[in-house]
Amino acid sequence: MSSGVQLSFTIGWIAMLLGGVLFWLSSRRLPPLEKRHGVAAMTIVFVAFANYLAMALGQGDIFFNDRTVYFARYTDWVITTPILLASLAMFAGRSLGRIATLLAALIAADVYMIVTGLVGNLSSAPYNYYWWVISMMAFLVVLVLVWGPLRRHAEEDGQIAPYSKLAGMLTALWVCYPIVWLAGSSGASIISVTVESWLYLVLDVTAKVGFGAVALNAARQSRTR
Ligand code: RET
């Protein structure tokens, strides 16, 4: 592993750990009914912490089809992205029970997206591109549900202002992942593995720690309503 890649993994587990401490401290100020936002944010960063640590220790990759596949990214994403969607959904209805079916569909499409992405990363050209397209279809389903039915729920029964803000943030960040995937070692290798790992690092920290901070801030304010 090159030292640049190694450094990005080390910064990754440290950033997730610091995010965990930050979320733990700010969760204490949440009103009891909003503690669930803190639980979600902490779970996300601690799962990412473990996966970044595994990659830093050289336990998160395998050499397959002539290249290194960092499978720990996918074991991270397959757990954390459903929780991210659930934390967005917490702003869409007063209880998750009211949107259970919608959330289940959202998570099913999301898990499908991550798993087919991993299959693509384990495939050589041109099959990796087939899987990218299949994974993108599922991603489109996720976006359609987030901006369609779930948003309508937020208007009727939830908190539309934080919902819109977080949905915008989620969309802007998540669309970058398939682009990095395509440009990186899983796709056309236009960028180096070092650049790829730094791009994923910035995205992961923003999509987890940044997103969680915005969500917790909005959850704290909902007390005064
Ligand atoms: C893959 C494979 C290629 C096609 C698509 C992908 C989407 C990945 C996404 C990942 C999001 C990760 C987050 C992680 C941490 O918080 C799997 C790269 C569409 C959207 C938000």
Side-chain angles (χ1 to χ4, degrees), residues 8-9 11-13 15-20 23 40-52 54-55 60 67 69-89 106-147 166-191 193 196-216:
S8 76
F9 293 155
I11 293 178
W13 69 255
M16 296 305 170
L17 208 54
L18 291 177
F23 291 152
M42 276 188 274
T43 309
I44 290 164
V45 286
F46 285 124
V47 168
F49 159 73
N51 281 286
Y52 267 102
M55 291 195 287
R67 71 191 131 162
V69 177
Y70 292 99
F71 65 84
R73 295 196 188 288
Y74 300 88
T75 51
D76 170 339
W77 299 342
V78 82
I79 299 170
T80 57
T81 54
I83 307 172
L84 283 166
L85 291 170
S87 56
L88 173 69
L106 197 55
I107 290 176
D110 175 79
V111 169
Y112 187 100
M113 168 186 86
I114 301 298
V115 173
T116 51
L118 172 61
V119 174
N121 203 340
L122 292 165
S123 315
S124 30
Y127 304 122
N128 58 339
Y129 299 112
Y130 298 180
W131 290 108
W132 183 87
V133 173
I134 292 166
S135 178
M136 276 305 277
M137 295 298 163
F139 183 37
L140 287 179
V141 172
V142 169
L143 291 181
V144 166
L145 293 175
V146 163
W147 289 103
L166 287 164
M169 194 174 171
L170 184 143
T171 306
L173 289 164
W174 288 34
V175 292
C176 300
Y177 284 87
I179 300 170
V180 174
W181 194 98
L182 209 54
S185 58
S186 36
S189 288
I190 301 164
I191 56 172
V193 176
E196 176 187 337
S197 68
W198 282 91
L199 289 174
Y200 277 138
L201 174 69
V202 172
L203 288 174
D204 280 347
V205 173
T206 321
K208 292 180 168 88
V209 183
F211 184 91
V214 174
L216 286 193

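Both ligands and their constituent atoms are indexed starting at 1 by order of listing. Not measured: the values here are computed from a predicted model.
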Enquirer: Minimum heavy-atom separation for Thr80 and Ala48, please, with both atom names.
Expert: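 Nearest pair, atom of Thr80 first, then Ala48: CG2-N, 4.5 Å.
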
Enquirer: Write down, by chain and number, every protein residue that brings a non-hydrogen atom to less than 4.0 Å from an atom of ligand 1.
Expert: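 For ligand 1, the residues that come within the 4.0 Å heavy-atom cutoff are Trp77, Thr81, Leu84, Met113, Gly117, Trp132, Ser135, Met136, Phe139, Trp174, Tyr177, Pro178, Trp181, Asp204, Ala207, Lys208.
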
Enquirer: Is the distance from the ring center of Tyr74 to that of Phe71 below 6.0 Å?
Expert: no

Enquirer: Check whether more than 12 heavy atoms from other residues, nucleotides or ligands sit under 6.0 Å from atom OH of Tyr129, and answer yes or no.
Expert: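 Buried by this count: over 12 neighbours within 6.0 Å.
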
Enquirer: Output side-chain donor-acceptor pairs under 3.5 Å for residues 198-207, partner residues at least two apart or in another chain, one line each.
Expert:
{"residue": "Trp198", "atom": "NE1", "partner": "Gly4", "partner atom": "O", "Å": "3.1"}
{"residue": "Asp204", "atom": "OD1", "partner": "Trp77", "partner atom": "NE1", "Å": "3.4"}
{"residue": "Asp204", "atom": "OD1", "partner": "Tyr177", "partner atom": "OH", "Å": "2.6"}
{"residue": "Asp204", "atom": "OD2", "partner": "Tyr52", "partner atom": "OH", "Å": "2.7"}
{"residue": "Thr206", "atom": "OG1", "partner": "Val202", "partner atom": "O", "Å": "2.5"}

Enquirer: Search all heavy atoms of Trp131 against all heavy atoms of Thr116 and return the closest pair with its distance.
Expert: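 Distance-wise, the nearest heavy atoms are CB-O, 3.6 Å.
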
Enquirer: Just how far is it from atom CD1 of Ile107 to atom CG of Leu145, taken to the nearest 0.5 Å?
Expert: 11.5 Å

